[in-house]
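Here is how names work: the chains are called A, B, and so on, in the same order as the sequence lines, proteins then strands, and each is numbered from 1.
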There are 2 protein chains.
Amino acid sequence: MSKSRNRRPTIIDVAERAGVSKSTAARALTGSSNITEETREKVVKAAAAVGYERNHLAVGMRSGRSGMLGLVIPDITNPFWADVARGAQDRAAKSGVSLLVFSSDWDPEAETQHLRALRQARVDGAIINPVADNFDDLDRFGLPFVFIGSSAERFADVSSVGSDIAQAVRLGLDHLVSKGHPAPSLILGPKSRLARARFLRAVHEHCVERDIDPAILAVEDGEYTVEGGRVAMRRLLERPHVGHVSVFAANDMMALGAMMAVREAGLDCPRDVSILGFDGIPSGEFAWPGLTTVAKPGRDIGERAVEGLFDEIEHKPEHRRIFMPCRLIERGSLADLSAQNPNACRGQGGSDHGCQGQATDRYCLCEWERSRAWIGIRCGRGND
Amino acid sequence: MSKSRNRRPTIIDVAERAGVSKSTAARALTGSSNITEETREKVVKAAAAVGYERNHLAVGMRSGRSGMLGLVIPDITNPFWADVARGAQDRAAKSGVSLLVFSSDWDPEAETQHLRALRQARVDGAIINPVADNFDDLDRFGLPFVFIGSSAERFADVSSVGSDIAQAVRLGLDHLVSKGHPAPSLILGPKSRLARARFLRAVHEHCVERDIDPAILAVEDGEYTVEGGRVAMRRLLERPHVGHVSVFAANDMMALGAMMAVREAGLDCPRDVSILGFDGIPSGEFAWPGLTTVAKPGRDIGERAVEGLFDEIEHKPEHRRIFMPCRLIERGSLADLSAQNPNACRGQGGSDHGCQGQATDRYCLCEWERSRAWIGIRCGRGND
DNA sequence: ATGAAAGCGCTAACAT
DNA sequence: ATGTTAGCGCTTTCAT
């Protein structure tokens, strides 16, 4: 009764009960070698009897490994990031580590604060969607980390996992072409965002390959929101134009907003206007018409990020930048204007998008691990 | 150079640099009393100089408080639960504690596993949406905890935070009545779920008050999914009926599925069929027509749960069961069949739904109205 | 007001 | 194969 208090049982309780020493008990429980099967069993039984559960805090102190990972994303409420979080969670759980999740709301100050919290919690590493531009904070972050998301691309010498925007844009553009929309208008995000430049560059390459003058593409900017897309679409419709209007929006929310603007203008999608989105959020499925879109593999990004982080933690030096391929989800927001056979090019997010990999049911698993450094080619000139 | 290794600075480094003892440094840093302002300043400066950051693992060991909370929800990918998580996160961060987030997928085994992980991580308490029915696991959970969600209601003697289903159902029903749908059909979840019984009970009470025989209400069951709703709606339409069909679905996903079934049957919502949902997921906003629904305050539930957990941790004995009020979001899925307003059928954003706030374009800004982080829009004219 | 020392629970190095 | 001991970084008595 000396220790019958409400205290949680420690390894000492187990040792006493099993009639062995502290360290023997520890050895038995950690599955170390140099232990008789007999004693091991004895200890395990004792542990179960007293309801022993390892104290990770203590283990962490001793071993320097807390068994926790940090995840800092803009907003867990955003379906894409929730997807990422889920992937990370599952992968982490598979290895018996826990995830500390934070939302930064794209606020550098909040980010700094969360990173400090992570450091103080002594997480073994962190997965971060960087919002701050200054490298300083990150340089002295003092913890293994991996970047995720398109904004990670700014930092060339940091391991990262993100969508392959180039592949995604080509996938979308190819699909548009196959449906008879060779020169779609573009609804893009704010000029300040890197993703915008990436998007534009891919469009530019596509144009060059197909002998299209990029300057003929109409471009509108807006915030990455429904309202932003709606306003942009409105402006697009105000421009002089004839016939069918085709739009490639850089974000599903904007695409949904564009859809609204079309309806408000008394037009019909896809009869008068075709819209292609980018992200793959669930809401696109329930819009009417259903939003055809290029979907990012959020879940896989989360998983791979954790794996990359494990490498980073174990000092596997091969730091890598991984770009996960996106896939096309075909729904009803694109009119088929192709004169020829509409099923000529594409089935279901298949492999005919300029990459050579094998296609599974969902993703084209090409090794899109190009090391081609991003030399800030500006391709927006003349379009904006 | 004795300790110039890559080791993170400890309180000893701070003490040495400040020329004081370990304990003095600690006192200065924890803001304890009995310290000269002069030395305090000296220590703080030294801490900043060496880049000292408190090791929460060590603090946790010493004090028995890890500064971490656990959150176990079915799926972070589900918009409602993401909302809850976000609320919990923000509230926790406000008090300087971190959140370990787990998804159980409604799997009792996964739940058990996550709870063990939480215990081993020595979280100070946990917020749980219970999936397992057996109280055993929870009884010997051995940690302060608070339940969330409707399934929490099974456990009468546990502190919990959830939606006020009774109020929500009445809100929806009153709205239906005001629009001329006195006796809607019901699309409910599986009979096994407690939420179903709660829902039905509230409907029953409503009927009794209005002298309606509950037996005249058509009821269909289904899984809480789009497909479940679609099948249920199909069956509903197969039943003999005349004129307009009104439906109250127990879940937005089902409502969206029902909407699909209506379209597939060559009918029109809201002309031929009116649909009211329950949850308030973002997708409802982009459906066509927009889904009128009763929204649960996920974010607030998360916040309150953390606050309740703090009480629980501090042994404030007043364990309570909190039911948060829901609000109506009026969009376009309900026809107005009321005598007063015979031809206004859709898109009438308004405030006539039993709550007293001011109406903006389309939302009633009841007191607990939140910024809708992800959607973050006002879409006044969106659906027309 | 400050310092010395004990100890939280665990693991690993060093005995035996 | 097992026991003994030191120490991870911190807070908190107990002295001074």
Side-chain angles (χ1 to χ4, degrees), chain A residues 2-3 5-44 46-47 50-68 119-124 142, chain B residues 2-3 5-44 46-47 50-68 119-124 142:
Chain A
S2 62
K3 31 192 61 179
R5 283 304 214 128
N6 238 353
R7 213 175 35 77
R8 320 255 301 259
T10 78
I11 201 166
I12 298 189
D13 301 317
V14 177
E16 278 180 1
R17 174 137 188 160
V20 298
S21 78
K22 216 167 51 148
S23 31
T24 306
R27 270 190 281 259
L29 261 17
T30 52
S32 153
S33 52
N34 283 3
I35 202 89
T36 320
E37 177 57 28
E38 190 190 5
T39 43
R40 203 193 61 78
E41 206 167 294
K42 207 166 50 179
V43 172
V44 168
V50 301
Y52 170 74
E53 254 162 357
R54 217 203 233 81
N55 184 336
H56 275 25
L57 257 42
V59 173
M61 269 209 73
R62 187 60 243 236
S63 67
R65 285 283 181 91
S66 64
M68 299 186 307
R119 251 174 284 133
Q120 299 196 159
R122 291 302 192 266
V123 296
D124 298 327
Chain B
S2 62
K3 33 192 61 177
R5 281 307 216 129
N6 239 354
R7 217 175 29 78
R8 323 253 302 258
T10 78
I11 200 166
I12 298 187
D13 300 317
V14 177
E16 278 180 2
R17 174 140 188 155
V20 298
S21 77
K22 212 167 54 149
S23 27
T24 306
R27 270 189 281 258
L29 261 17
T30 51
S32 154
S33 54
N34 282 6
I35 203 91
T36 320
E37 177 57 29
E38 189 191 5
T39 43
R40 203 193 60 78
E41 207 167 293
K42 206 167 50 179
V43 171
V44 168
V50 301
Y52 171 75
E53 255 162 354
R54 218 202 231 82
N55 183 336
H56 275 23
L57 258 42
V59 173
M61 268 207 76
R62 187 59 238 237
S63 68
R65 285 281 180 91
S66 65
M68 300 186 307
R119 253 175 284 134
Q120 300 197 158
R122 290 305 192 263
V123 295
D124 298 326

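Evaluation of the salt bridge (Lys or Arg N to Asp or Glu O under 4.0 Å) rule for A:Glu38 yields no partner, not counting sequence neighbours. For the side chain to side chain contact (heavy atoms under 4.5 Å, CB included) test, residues two or more places apart in sequence or in another chain that qualify with B:Glu53 are A:Arg116, A:Arg119, A:Gln120, B:Arg8. For A:Arg54, there are no salt bridge (Lys or Arg N to Asp or Glu O under 4.0 Å) partners at least two apart in sequence or on another chain.
A:Val43 has its side chain within reach of A:Leu29: a pair of non-hydrogen atoms, C-beta onward, lies under 4.5 Å apart. A 4.5 Å side-chain heavy-atom check between B:Pro9 and B:Val14 finds every atom pair outside the cut-off. With a 4.5 Å cut-off on side-chain heavy atoms, B:Val59 and B:Asn55 do not count as touching.
In this structure a side-chain-to-backbone donor-acceptor pair under 3.5 Å is missing from A:Thr24 to A:Val20. Checked by atom type and distance alone, the side chain of A:Asp124 pairs as donor or acceptor with a backbone atom of A:Gly67 at under 3.5 Å. At least one donor-acceptor pair under 3.5 Å links the side chain of A:Ser66 to the backbone N or O of A:Arg122.
Helix bend of the helix from C:dA1-D:dT16 to C:dT16-D:dA1: the angle between its two end axes, each built from five pairs, comes to 40° after rounding to 10°.
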>> Can you build the contact string for nucleotides 8-16 of chain D? Use B for base contact, S for sugar-phosphate-only contact, and - for no protein heavy atom under 4.0 Å.
In response: BBBBBB---

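Using a 4.0 Å cutoff to heavy atoms of chain B, the contacted part of DNA chain C runs 5' to 3' from C:dA1 to C:dG9.
Between B:Ile12 atom CD1 and B:Glu16 atom CD the span is 7.0 Å, to the nearest 0.5 Å.
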